[in-house]
Amino acid sequence: MATGAFADRGADLELVGIQKRFPGFTAIEHLDLVIPAGSFFALLGPSGCGKTTTLRLVAGLEDPTDGRILIGGQDVTTQKAYQRPVNTVFQSYALFPHMTVLENVAFGLRRRKITDAVAKAHEALRLVELDHLAARKPVQLSGGQQQRVALARAIVNRPALLLLDEPLGALDLKLRRQMQLELKNIQEEVGLTFLHVTHDQEEAMTMADTVAVMNKGMIEQMGSPELLYELPRTAFVANFLGQSNLFTGPVVGETSTSIAVDVAGRSIVVPKARSHRHGGDVTIGVRPEKLSLHRDLPAPDSASNVLGPGRVTDVSFTGVSTQYLVAVPGLGTLVVFEQNRSAGPIEGEGDEVWVTWNVEHGFGLDDDPAAQTEKFVADTTTQSLAAQRRADLLTELEEA
Amino acid sequence: MATGAFADRGADLELVGIQKRFPGFTAIEHLDLVIPAGSFFALLGPSGCGKTTTLRLVAGLEDPTDGRILIGGQDVTTQKAYQRPVNTVFQSYALFPHMTVLENVAFGLRRRKITDAVAKAHEALRLVELDHLAARKPVQLSGGQQQRVALARAIVNRPALLLLDEPLGALDLKLRRQMQLELKNIQEEVGLTFLHVTHDQEEAMTMADTVAVMNKGMIEQMGSPELLYELPRTAFVANFLGQSNLFTGPVVGETSTSIAVDVAGRSIVVPKARSHRHGGDVTIGVRPEKLSLHRDLPAPDSASNVLGPGRVTDVSFTGVSTQYLVAVPGLGTLVVFEQNRSAGPIEGEGDEVWVTWNVEHGFGLDDDPAAQTEKFVADTTTQSLAAQRRADLLTELEEA
Amino acid sequence: STGTAAKPTAAADKSDSEKTLRWDNWALYIDVDDAGNYPTLEAFTAETGIKVEYTEAVDDNNTYYGKVKDQLALGKDIGADTVCLTDWMVGRLARFGYLQELDHANIPNLANLLPTLKDVDFDPGRALSVPWQGGFAGICWNKEKFPDGIGSVEELWSTPELKGRVGVLSEMRDTMGLIMLDAGVDISGDWGDDEFTAAIDVLKKQVSDGQVRNIKGNSYKEDLVNGDSLAAIVWSGDIVQLNAENGDKWGFVVPEKGGTIWNDNFVVPIGSAHKANAEALIDYYYDPAVAAEVAAYVNYITPVAGAKEAAMEIDPELAENQLIFPDDATLAKAKVFRTLTGAEEQTYGAQFQSILLGA
Amino acid sequence: MIPIAYTFVFSFNDSLKSNITWRGFTLDKWLNVCAVQNGAVCEAFGNSLLIGAVSTVLATTLGTMIAIALVRYRFKFRAGTSLLLFLPMATPEVVLGAGLAAQFLSLGVPKDMLTIILAHTMFCISFVVVTVKARVAGLDPALEEAGRDLYGSPAQVFARITFPLLLPGILAAALLSFALSFDDFIITNFNSGAVTTFPKYIYISASRGIPAEANVIASAVFILALVIVVTAQVSAAARAKRQARLG
Amino acid sequence: MAFAAFASTAAPPTDAPPRRRSPVALLLLLPGILYLVLFFLAPLVSLVLTSLQAPSEFGDIGQYSYAFRWENYVVVIEQYWPHILRSFGYALTATVLALLFSYPLAYFIGVTTRRWPLLQSLMLVLVIAPFFISFLLRTLAWKQILSDESFLVTSLKAVSLLAPDAHLTGTAFSVIFGLTYNFIPFMTLPLYTTLERLDLRYLEAGNDLYASPVQVFRKVTIPLSMPGIVAGTLLTFIPAAGDYINASRDFLGGADTQMIGNVIEANFLVLLNYPAAAALSIILMTVILVIVGVYVKRSGTEELL
Ligand SMILES: Nc1ncnc2c1ncn2[C@@H]1O[C@H](COP(=O)(O)OP(=O)(O)OP(=O)(O)O)[C@@H](O)[C@H]1O
Ligand SMILES: Nc1ncnc2c1ncn2[C@@H]1O[C@H](COP(=O)(O)OP(=O)(O)OP(=O)(O)O)[C@@H](O)[C@H]1O
Ligand SMILES: [Mg+2]
Ligand SMILES: [Mg+2]
């Protein structure tokens with residue numbers, strides 16, 4: 001029971017075979033997940049993939065259709081929200097508009113009849129550097145400040161598990177980066193287990209110990225940010241977490257350490273250790289920042305893959321780096337990032353270039369290349385929204 | 001007059017000595033601006049700096065307190081909004097909720113009694129790939145789709161000038177990048193003059209021919225994205241447009257091509273051509289991606305600045321690159337970006353490193369270092385918001 | 001929607017233990033002094049120890065009936081121990097058995113009741129009701145506009161200057177009574193559908209021609225004051241009062257061909273537990289001196305013999321007023337509208353209402 | 001506005017029994033409102049206040065409950081319930097009044113204060129539901145969820161979150177229902193029996209000339225309402241100002 | 001304030017439809033629904049029964065017994081169809097007039113005065129003010145103001161705007177005038193609540209897309225304030241159709257301006273013809289329901305329910 005007790009450290013969260021169906025729509029198909037105590041776990045995925053639903057299930061605001069939820073080894077599936085040692089920072093903050101900042105923060109403590117609620121609330125506000133605004137009402141705060149109050153309101157309860165639902169979604173880039181740092185610091189300071197939901201990949205990667213990429217109610221891949229980025233398992237992950245150049249073709253050669261894939265007549269080598277499939281048609285890829293551009297055909301080198309010649313079709317300066325689009329006949333367009341060490345772009349539009357990369361940087365996906373991957377995340381969401389609205393209406397009509 | 005005529009190409013926009021006062025608040029102090037016909041112009045700045053106000057003045061939705069507005073050489077200052085050959089994609093889209101997508105897009109054409117309104121509207125919808133949703137109401141669309149409808153609704157009128165007020169603000173990163181490309185393509189295709197407002201610096205830099213950074217109702221700097229990024233004139237621009245490492249100190253040496261600045265006992269050299277001030281106290285800077293890290297003290301080299309030794313205090317993997325924070329005693333913390341050419345970070349936390357950069361990459365600001373520059377844009381905004389709210393209330397009371 | 005259920009039985013009388021009486025009456029129908037007290041009532045309380053709660057709850061026979069009929073049908077208390085209602089309504093209540101029989105032994109002063117009122121067709125022998133005040137319905141006119149006066153119903157119809165400025169009462173028996181009298185029908189006598197229908201046709205024509213615009217209940221007085229009506233069929237007592245308030249502006253006459261006379265009568269509703277107290281009250285007001293005091297104030301016709309003499313002592317001019325103490329000649333012109341049967345009440349009422357409703 | 005001014009002006013009329021012609025200025029009527037006719041005006045006014053208050057409390061309670069259920073829960077006969085709520089608003093008052101009167105009659109309920117209160121509560125419920133429903137719909141469910149998340153039991157969440165947040169809507173509903181009840185004449189007239197309310201008093205007196213005291217009371221209510229609203233607004237503005245200064 | 005009451009129509013659409021089923025719902029609903037069933041539905045049923053009663057055999061006036069006399073309906077329609085038509089005609093005219101008057105007023109309060117909250121609430125108070133003075137008193141005041149010898153009428157006659165023998169009281173004019181006046185707050189408040197939330201950015205978008213102010217009003221403002229217009233017209237039309245005070249001969253009406261409410265009253269109180277009164281009530285209600293149903297369907301604002 002949560003009442004009266006502060007968690008002295010985070011607790012494990014375990015989801016076993018979770019399924020969640022809404023009338024006419026299955027939000028989560030089958031979910032197994034273990035989050036070790038004290039870790040910062042990020043759940044990443046496109047809009048509508050079921051992130052919020054997962055959090056709500058953990059918080060007890062929604063009941064799973066099937067499956068079990070364990071916190072610190074204890075089955076809490078049937079516990080009510082207010083009985084679980086879990087707190088949430090809501091996507092919309094959900095600060096109580098009729099209470100002051102201080103009352104908001106003290107709310108949970110008061111409900112649990114913890115002595116010293118006010119002192120503890122002040123302490124939490126000091127942690128987020130907002131103690132001087134304790135007497136204000138939420139509407140009188142800026143978005144960033146509201147977000148910090150929501151955080152304080154959750155943290156003050158020292159829950160075994162803290163759920164964060166895109167708490168930074170509404171902030172602009174600069175403020176967002178600043179808040180990310182603070183959040184990470186707080187987590188390290190209090191040692192709680194954080195389950196952080198976001199659809200910003202950069203945020204997920206910089207903050208989390210472990211990232212899980214979710215798609216259509218399933219976890220596509222899970223692991224450290226580096227692992228996911230460097231070795232994506234599926235095309236979805238490869239494209240959702242950063243950009244990728246992907247090629248599909250049959251495996252035509254094999255050594256003890258690597259495979260060679262034929263892509264439109266060219267052979268591309270990928271280390272076996274970095275490829276999930278070793279035979280048949282495979283999709284392989286490489287990240288744009290791993291590519292180098294050359295004006296002349298580089299000397300053949302077994303440690304490198306070479307593609308070209310291609311033509312630079314677009315150069316765009318993004319500040320830190322420059323993005324080149326290189327059209328290689330038969331292969332399509334490659335994306336190349338070049339850090340702006342020197343001032344200005346090196347190649348111009350229309351230049352003929354060769355693209356090379358270290359064999360060690362390629363990766364091979366687990367996907368079956370025959371299966372289609374969708375292109376427009378947004379359109380899918382809209383369609384599913386529309387489908388769901390229809391379903392809702394039908395249920396309503398049924399009942400009437 | 002706009003009636004009946006399609007602009008065959010964009011027109012120049014000229015703002016002459018524009019000032020805008022609201023009761024109790026001056027939103028725009030003094031603004032002169034020329035946007036050449038057919039260009040893609042981005043107005044960038046923090047929240048509340050007057051971007052929307054500028055657009056509204058151009059659109060005729062607000063009257064300037066002082067100054068003149070010329071479109072294609074013609075003074076339109078006294079024309080009503082509906083008489084100006086200008087269209088706006090609103091920050092909030094402002095799609096008419098009671099009309100279908102098609103009716104929304106055809107609205108402007110119908111008002112101008114243009115024949116074939118429906119056919120033209122369909123064509124515009126095809127351009128944004130939404131023709132299949134023509135019969136829907138706006139609420140039935142996702143955010144990204146609404147945004148495209150708003151764009152179609154404006155473009156279909158072929159205005160001499162198209163104003164875009166953060167049209168991508170609500171989209172998630174992936175969709176946003178996708179829409180940026182589309183927008184740019186459309187602009188190139190139709191050849192109109194685009195005036196695009198945003199507070200996303202990356203968006204501004206990748207899309208625009210010319211970027212203007214606005215702050216507190218004034219334009220701080222204006223020019224090509226590369227110019228602004230590589231040679232910021234003020235600390236505000238240096239920090240708002242990407243990140244910068246800035247140092248302040250007196251000029252202690254001078255050659256024909258460069259100056260040497262003493263920063264906490266170390267001498268840093270900056271090319272004269274890249275520095276706005278050549279004497280007294282100056283602030284100089286360098287971009288994080290221009291810095292290199294070295295485990296050992298590099299050999300002295302007149303082409304490079306060297307700082308160190310420092311200690312790596314934080315390493316964060318962001319996918320494309322890794323961000324290092326290096327604390328150099330007496331100088332504070334430097335930010336260094338290293339593109340992830342090899343897998344994984346090169347240096348670890350706690351490592352002792354030297355930082356170098358090519359002298360050619362430094363820049364010197366025009367700012368007077370004595371004047372304080374704010375550190376937290378967000379907090380300033382909040383304060384100014386509060387101040388303004390107070391002012392608002394006072395005016396209200398006065399009037400009542 | 002009350003069925004023809006068994007008639008309710010009278011409540012047990014508690015007058016011996018409860019010295020209270022609740023009296024519902026029409027507005028401005030009793031003497032009031034400047035402080036807003038009722039002198040005669042106070043005297044009554046002083047004399048008998050019975051506290052009277054006097055309420056001006058009757059604004060219209062129909063609405064009052066509408067308010068209390070359900071309780072009456074159930075034999076329950078209606079919130080009043082005695083109430084003054086007009087003849088025809090008393091007739092209806094009597095038919096339905098909603099009234100308690102009065103014990104004449106408790107009302108010795110009843111001997112002072114004017115002989116003409118002792119035996120009425122709706123209540124033979126006055127077993128259930130005793131008159132409180134009465135009045136004429138006649139014609140009044142604005143003396144400023146018509147110095148020569150308007151003497152008959154016929155003139156109301158035929159004077160062109162009166163077009164749209166004629167008022168009649170929404171009280172069927174008065175308006176129809178005057179019209180029938182004008183046509184030479186004896187309304188107390190034995191008339192039937194033909195006579196009534198003929199009169200209805202007259203009224204209908206005048207209304208549809210626009211000669212008659214205002215068909216009102218008590219609010220006809222405002223029309224006279226604000227000029228919407230320049231001449232009207234009205235009740236005598238009101239005119240005395242209006243003239244007093246607005247300067248002697250209106251003339252009144254009981255037409256040569258006849259006017260109606262009516263009385264409002266004390267009755268004790270079936271659910272009242274204070275009948276004896278009510279009888280004491282009636283007895284008190286049948287003292288000619290008290291009756292004269294009331295008459296001096298309300299200006300209606302008192303049914304108490306000897307009141308005129310008593311009034312002489314208060315104010316001789318008052319005693320001469322034909323509208324308060326009518327002489328035999330005036331009385332001879334005034335007729336009582338005969339009691340209608342239930343069926344007649346229904347059909348005649350419907351015919352009259354259909355004019356009021358403009359159908 | 002003109003009739004209000006008229007009413008106000010004539011409340012100073014030095015009238016006798018009826019208040020039709022202007023007879024000169026006096027303050028007497030304001031000073032001795034309750035004196036006339038043994039305080040019949042004041043009694044009617046008091047009845048109206050009492051009826052308004054009781055039926056407001058009843059209607060607001062019942063209506064708020066329904067509104068919450070309608071917005072927050074899904075149940076069978078939802079459409080039926082909505083219709084049942086809409087019907088009284090769509091039913092002319094005469095029909096409501098006559099129907100209820102007949103009902104009381106056949107149930108043998110004598111008409112008095114109670115029947116008026118029952119009648120008023122009935123027609124006020126719908127208006128309350130509509131008002132509060134809007135408020136409930138505008139209430140972010142996330143707030144209640146946040147309450148539950150922060151260890152608030154259902155009862156605590158209602159008492160500390162839901163209710164305070166609905167309060168403005170509930171108050172507006174209460175005010176509306178009081179105004180409707182206070183000003184209702186038609187339904188009252190059918191169901192009042194011998195009890196007189198303020199509008200009914202006026203209706204009854206209309207036939208014999210309304211005493212200036214009625215104008216006094218009406219004007220007083222009007223002025224009182226005006227003062228209350230203006231004070232509320234001004235103090236809200238002042239509060240906002242104070243808070244802005246704090247900010 | 002009371003005006004918030006009319007927010008119904010402008011309520012933001014609940015993005016998440018209610019999904020929970022719970023016994024709590026029943027608990028919340030039951031008392032209120034029971035109350036309505038008892039004091040609204042049951043009377044309605046007995047009203048229907050009453051409307052089918054026949055006069056009791058040998059019964060006196062006002063005495064009826066239960067039957068199924070459907071002819072009652074035919075009889076009252078035959079007898080009172082002019083009143084029924086007149087009621088709806090007057091109500092419709094008054095509704096239109098009230099709308100014409102209220103829309104600019106509500107627009108002024110809801111949009112123009114947005115920047116001066118104090119002025120806005122003051123204006124609102126003035127609109128709601130009539131609620132606090134009995135509408136009977138206000139109507140009576142009009143009766144005086146419009147009477148034949150009043151300043152208004154005599155001056156109108158003096159400038160020949162009114163024929164010398166014309167009247168105002170007791171005519172259709174004054175009844176409709178009274179109806180309009182009395183129901184203006186009911187029209188203004190819902191209009192205000194929608195207009196107050198009207199997003200001016202839509203108007204700007206209209207301006208930006210070459211619509212002149214008039215066109216913006218027609219194509220954008222009006223459609224967007226439709227919920228308020230519907231709510232306002234219903235709140236005006238329904239009670240106006242059933243009103244019997246304004247048309248009463250004792251107030252502003254005359255014999256040929258009697259509305260169905262007056263007929264019901266006369267049958268109920270004077271003629272004691274309860275079946276006729278009940279039948280007329282049912283007819284009135286049915287017609288209103290049908291009109292409202294069609295209207296709401298056609299204006300596409302079903303959620304109003
Ligand atoms: N109560 C519900 N009834 C029916 N469908 C629902 C319900 N709640 C959510 N859904 C659907 O389930 C899916 C997952 O929703 P969820 O809110 O978990 O997405 P999300 O990943 O948090 O998206 P976002 O990034 O937009 O917040 C969506 O398609 C949504 O429409
Ligand atoms: N009508 C107005 N009255 C008073 N002040 C105003 C008004 N409109 C805008 N302002 C103020 O003018 C300043 C500039 O506003 P503007 O909307 O142009 O900012 P912006 O740069 O578009 O900001 P954002 O990025 O948040 O959209 C702000 O401080 C704002 O509060
Ligand atoms: Mg979500
Ligand atoms: Mg803006």
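Residue numbers begin at 1 in each chain, while the letters A, B, ... track the order of the sequences.
A donor-acceptor distance shorter than 3.5 angstrom exists from the side chain of Thr193(B) to the backbone of Gly38(B), with no hydrogens or angles considered.
Heavy atoms closer than 4.5 Å to chain E are found in the backbone of Leu95(B), but not in its side chain. Residue Asp199(E) does not touch chain B at all, counting heavy-atom pairs closer than 4.5 Å. Heavy atoms closer than 4.5 Å to chain B are found in both the backbone and the side chain of Glu204(E). Interface residue Arg153(B): backbone and side-chain heavy atoms are both found under 4.5 Å from chain E.
Partners of Arg126(B) under the salt bridge (Lys or Arg N to Asp or Glu O under 4.0 Å) rule, at least two apart in sequence or in another chain, are Asp131(B).
Screening residues 136-163 of chain B for ring pair (Phe, Tyr, Trp, His ring centres under 6.0 Å), with sequence neighbours left out, gives no hits.
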List the steps and the verdict of side-chain hydrogen bond (donor to acceptor under 3.5 Å, both in side chains) for Asp165(B) and Thr88(B). CA-CA 7 Å; Asp165(B) 194 354; Thr88(B) 308; over 6 Å; no
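Per-residue counts of heavy-atom pairs under 4.5 Å with chain E were compared for His98(B), Lys80(B), Arg56(B), Met99(B); the largest is that of His98(B).
Environment of CZ in Phe101(E): sparse, with no more than 12 heavy atoms of neighbouring residues, nucleotides or ligands closer than 6.0 Å.
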